[in-house]
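Since the structure comes first, as C-alpha cells, the remarks are kept for the end.
Keep in mind that this is a model prediction, so the values were computed, not measured. Any value given below was found using the heavy atoms of this structure, including those in side chains, with hydrogens, waters and symmetry copies removed. For ligands, and for the atoms within them, numbers begin at 1 and follow the listed sequence.
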Amino acid sequence: MDSVGLFILLILMFFQFTAAPAAEEITWTYTGLVGQSEWSAYFPECGGTSQSPVDVATTQTKYDPGLTAVTPLGYSQHGNKPFTLYNNGHTVVIELPEWMGLGGLPWLFTAVQMHLHWGSGGPSHGGSEHTVNGLSADAELHVVHYNSELYPNLSAAMTQRDGLAVLGILIVTGEETNQAFNSILNYLSRIRHADQKVFIPAFDVQSLLPKDLGRYYRYNGSLTTPPCYQSVIWTLFHERVQISKAQLLKLETILYSSKAEEADRMLLQDNYRTTQPLNHRVVFTSFSAESWKEFSSGEVTAIVIGVMCGCVGLAVVIRFIVKTIRFFKLLHRETVAVNSSTSSWDVLPSNRAAPMPRTKEPEKGQEKKQDMALNSTSEPEKKEEPSPQTEP
Ligand SMILES: *[C@@H]1O[C@H](CO)[C@@H](O)[C@H](O)[C@H]1NC(C)=O
Ligand SMILES: *[C@@H]1O[C@H](CO)[C@@H](O)[C@H](O)[C@H]1NC(C)=O
C-alpha cells in the first residue's frame, strides 16, 4: 500500500471515529455540527413522530371537558433545605425536592427539576419552545415530574409512555419586575460556566407559575432535548407569566455553554428547539369557546355575573313598560266606556271596536289579542297575563 493510500485510509478511519461515537459521549448543541437537525442521527427518538415542542394552532385544538385543573403539590412548602442551581451547558437547572409533586393527572407525579429555555434578544424574537398560532414567547419554563405511581425513579420513567409530566409556562416581557424569578436570576452570576453548581435559598416554586392553572393545552410529546424520549404528558398553560425586559436580558446574556477552563467562551443563548410536526396528534384544551380564551377565570366570573344582572335589570324595565302601557290602555278603555261614542278619546290610535257596555266576554277576547302582541316582545310578562282582566 502506497503512502497516499495509507493516508486516505487514516483519514477515513478518523472520520469513522469522529462521526459515530457512543451517544453518551456526544455533546449536542442547538446549532452547528451536532445541532438540532442532526440530533436524530445520534439519538434515534429525536426523529420520532411524537416530538416536542409543537405549535398550538388554536383553531385545531379540541376541548376536553374532562381536563380539570392541575394541582401543584407542596410547591409552596419549600422548607429550609437549599435548592441546587446548576448550569449543565444547555440550560440552568433547579433541582426540586421529592416531596413536591403534581396532581390532577391520572397518576401522581413527583417533581424532579425545572429549567428554562430562552433566545438571544435578536430580531427573530424567539425564545420559547412551544408556540401558539406560530408566535413565540420570549422564554419558557419547564417543571419536570415523573410518574411515581408506575415507576420507581426518573430513569425508569423517562423512557416509558406516560412516564413524565412537564408543565410548560410561556414567559413574556413587560414593565414590572417579577420578584419570584429573581429567586433564580439573582444567582446566575455564580454559575456562569457549564458544570458549575451552587446552593440557593429555597423559594416558593408556585409563585413562578401563572395564577390560572385551570386553562391549559394538553398533548402527548417528548423531551425537547436529546435523547428526546417520547414519554411526556405536556401541560402548556394558556396564561403567560411576565418578567421585566432587564430580567430577560440577564437570562439571555449571563451564562456560557462552555466550561470555565475552556478558552473560547460560548454564550448560552437560543437554547430552544424548533417546533415539531404534530403527525395526527391532537392538542386538547381544558377550556372551550374561542372568545373566552382572552379572559382569566376571575374575569369570566365577573362577566357572567354582569350579564345576569343586566338580564334581570332588562326584565324589570320591560315589565315596568308593559305594565305602564297596560295601565294606560285600561284607563283609556274605562274612559271610553264611560263617555259616549262621539267622545274625543276616539281619535286616539286604537284598534278597538266601538265602545260598548262593559261585558266580560268581548272584553276577554280583546285582552287576548293585546297580550299576544305583548308576548311577542316580552317573555317575562306571560305569567302575569290573566290577572288584570279576570277581576269581576
Ligand atoms: C431506577 O429503578 C430501576 C428499576 O427498579 C433500577 O434498576 C435503577 O437502578 C434505578 N435507578 C436509579 C438511578 O435509582
Ligand atoms: C396520550 O396517549 C395515551 C396512551 O396512548 C392516550 O390514552 C391519551 O388519550 C393521550 N393523551 C392525549 C392528550 O392525547
Distance dump, ligand 1 polar atoms to protein, N/O, under 3.5 Å:
residue	atom	partner	partner atom	Å
ligand 1	2 (O)	N153	OD1	3.4
ligand 1	2 (O)	N153	ND2	2.4
ligand 1	11 (N)	N153	ND2	2.8
ligand 1	14 (O)	N153	ND2	3.1

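Considering Y216, Y217, F237, Y63 as possible partners of F287, the one that fulfils the ring-ring contact (aromatic ring centres under 6.0 Å, His included) test is Y217.
Ring-plane geometry between H142 and H130 is classed as perpendicular, the angle between the planes exceeding 60 degrees on a 0 to 90 degree scale with a lower cut at 30.
By the 6.0 Å contact criterion, CD on E98 is open, its count of non-hydrogen atoms from other residues, nucleotides or ligands being 12 or less.
Both tests hold for K197 against Y86: distance to the six-membered ring centre under 6.0 Å, angle to the ring axis within 45°.
The shortest N or O to N or O distance between N220 and ligand 2 is under 3.5 Å.
Each disulfide bond (SG atoms under 2.5 Å apart) pair with one or both residues in residues 221-284, not counting sequence neighbours, appears once here: C46-C228. Note on residues 144-166: no pairs pass salt bridge (Lys or Arg N to Asp or Glu O under 4.0 Å), not counting sequence neighbours.
In this structure, R281 falls outside the shell of residues with a heavy atom less than 4.0 angstrom from ligand 2.
Grouping Ile, Leu, Val, Met, Phe, Trp and Tyr residues whose side-chain heavy atoms lie under 4.5 Å apart, directly or via other members, places L73 in a hydrophobic cluster with L108.
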